[in-house]
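Below, all heavy atoms of this structure are taken into account, side chains as well, without hydrogens, waters or symmetry copies. Residue numbers run from 1 in the order of the sequence given.
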Amino acid sequence: VRQGRAFGMHVLLASQSLSGVYSMSRSTMDQMAVRISLQCNDADSRIILGDDNPAARLLSRPGEAIYNAANGLIEGNNLFQVVWLPDEERERYLRQIQAHAKRLSWRPAEPQIIFEGNAPADVENNRELAERLNEPSWDEKRRAISAWLGEPVAIKPHTAALFRRQSRSNLLILGQNERAATAMLSTALVSIAAHRSPKAARFYVINLSNMDTDWYDTLPALGEALPHDMKIGRARDLRKILEELWEIVIERSAMEDEGIEETIYLVIVGIQRARDLRSADIYTPAEEAEQLSTILRDGPDLGVHTLIWCDTYANLERALQRQDIAEFELRVALQMSANDSNGFIDSPAANKLGPYVALFYDEERSGALEKFRPYDLPQMEWIQRVGEALKDFDVQNR
């Protein structure tokens, strides 16, 4: 907003409630030279127009408003009457505009960005992922792999967790919205598969979701659709999978970096239900917990990354040791209590989130919080199309 005007860029904002205004910082509000307010109370008028400008509370007639082009200064107030169009007339004008655009064969340079705060995002709107699926070859030289999680609450590319071969490059999702967490983990796996060939990526999934939910079959469907090797297990398979991955990490520790080509991703959906990770006492960690600790600590440097979802911070501390929680530099906070938010991302911000909004925290980016809308569960038809596209890639590049 501050620098855009110098380059001919202008910002128009509209909000049906003050929640949109509250989401902006005071410094951003101060950059809004033009302000328009309909009737509201004294406190809201001072927020919209200015600290010393309560004039909007004096408005009385329907459609009466204040136009202020002086950064909210009271001397810049101009009363006016909002233009009113009947629904039929408005629709007629819109049809004329649309017909005129068709006659000119006009197309926008970029698709419109429509923000819907009361619904989850749709992964099919991710143009970058769609372009990846249409590319004729695998990109094996990329060092940072984008795992897309949702749409940002800003005009910018979709929110993604970047996995690099460096310590602490693991992803942790916290919050009680199991559907959103499963959806994000699912789209993250598709994103990784779109960047890495079946020879360069392998997946281990421990699916501890409730069996009676409508998202329980999403991850198994991905396993069947993708050409990549994906082992999917339940709680009884936890010990075997962790032991296998622990042995891989130990084996790779003795290898040269150039000899490690395949990247492995471990996904645990609902770690709070993994009873094998809970220790008998605080002095004797379970063997499986020790193995997971080694995978989290040493795995990312050796091409073994972990993606985990847990419902509450208290359950997270029961499943993982404190030093293990510190091994996640990539974090997603769903709606949660202020105490959980403070413990998880050093901020109470997640306590103010709605059901369709989350916060992404990446310590690599100076620990900044990015608000975004998590993807909804991918449709089975889309999963099948993605699987077919990736299988075609695999056949073409053999």
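- Within the structure, salt bridge (charged side-chain N to carboxylate O under 4.0 Å, His left out) contacts touching residues 176-185 (residues at least two apart or in different chains) are Glu178-Arg273, Arg179-Asp214, Arg179-Asp376.
- Annotation for Leu377: hydrophobic cluster partners, listed by chain and number, are Trp215 (ILVMFWY side-chain heavy atoms under 4.5 Å, direct or chained).
- Between His195 and Trp148, the ring planes lie tilted relative to each other; the angle falls in the 30° to 60° range.
- The side chain to side chain donor-acceptor pair (under 3.5 Å) pairs that include a residue from residues 55-66 are Asp42-Arg57, Arg61-Gln81, where partners are two or more places apart or lie in different chains.
- For Ser186, the side-chain contact (heavy atoms from CB on, under 4.5 Å) partners at least two apart in sequence or on another chain are Thr182, Thr218, Leu219, Leu222, Pro378.
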For residues 93-103, run the donor-acceptor check on the side chains, cut-off 3.5 Å, and write out each pair with its distance to 0.1 Å, sequence neighbours left out.
from	atom 1	to	atom 2	distance (Å)
Tyr93	OH	Glu89	OE2	3.2
His100	ND1	Arg103	NH2	3.3

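- Under the 4.5 angstrom side-chain criterion for Ile, Leu, Val, Met, Phe, Trp and Tyr, Tyr356 has no cluster partners at all.
- Here Arg275 pairs with nothing under the salt bridge (charged side-chain N to carboxylate O under 4.0 Å, His left out) rule; sequence neighbours left out.
- The closest side-chain donor-acceptor pair between Ser337 and Asn339, if any, does not fall under 3.5 angstrom.
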Just distance, no hydrogens or angles: give the donor-acceptor pairs under 3.5 Å from side chains in residues 304-316, sequence neighbours left out.
from	atom 1	to	atom 2	distance (Å)
His305	ND1	Ser169	O	2.9
Trp309	NE1	Gly175	O	2.7
Asp311	OD1	Asn315	ND2	2.9
Asp311	OD2	Asn315	ND2	3.3
Thr312	OG1	Asn315	N	3.2
Thr312	OG1	Asn315	ND2	3.3
Tyr313	OH	Gly343	O	3.3
Asn315	OD1	Arg318	NH1	2.5

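- Looking only at side-chain heavy atoms (C-beta outward), Leu296 and Leu320 come within less than 4.5 Å of each other.
- Between the side chains of Glu124 and Gln379, no donor N or O sits under 3.5 Å from an acceptor N or O.
- In this structure, Gln176 and Asp340 have side chains that are not in contact, with every pair of non-hydrogen atoms separated by 4.5 Å or more.
- Looking at Ile264 and Glu244, their side chains never come closer than 4.5 Å, going by heavy atoms from C-beta outward.
- A search for side-chain contact (heavy atoms from CB on, under 4.5 Å) contacts involving Ala55 returns Asn53, Ile66, Asn77, not counting sequence neighbours.
- The salt bridge (charged side-chain N to carboxylate O under 4.0 Å, His left out) contacts involving residues 319-338 comprise Glu317-Arg322, where partners must be two or more places apart or lie in separate chains.
- Checked by atom type, the side-chain pair Arg132/Ser191 shows no donor-acceptor distance below 3.5 Å.
- The salt bridge (charged side-chain N to carboxylate O under 4.0 Å, His left out) check on Asp87 picks up Arg90, with sequence neighbours excluded.
- Residues satisfying the side-chain contact (heavy atoms from CB on, under 4.5 Å) test with Ala349, not counting sequence neighbours, are Ser347, Leu359, Leu369.
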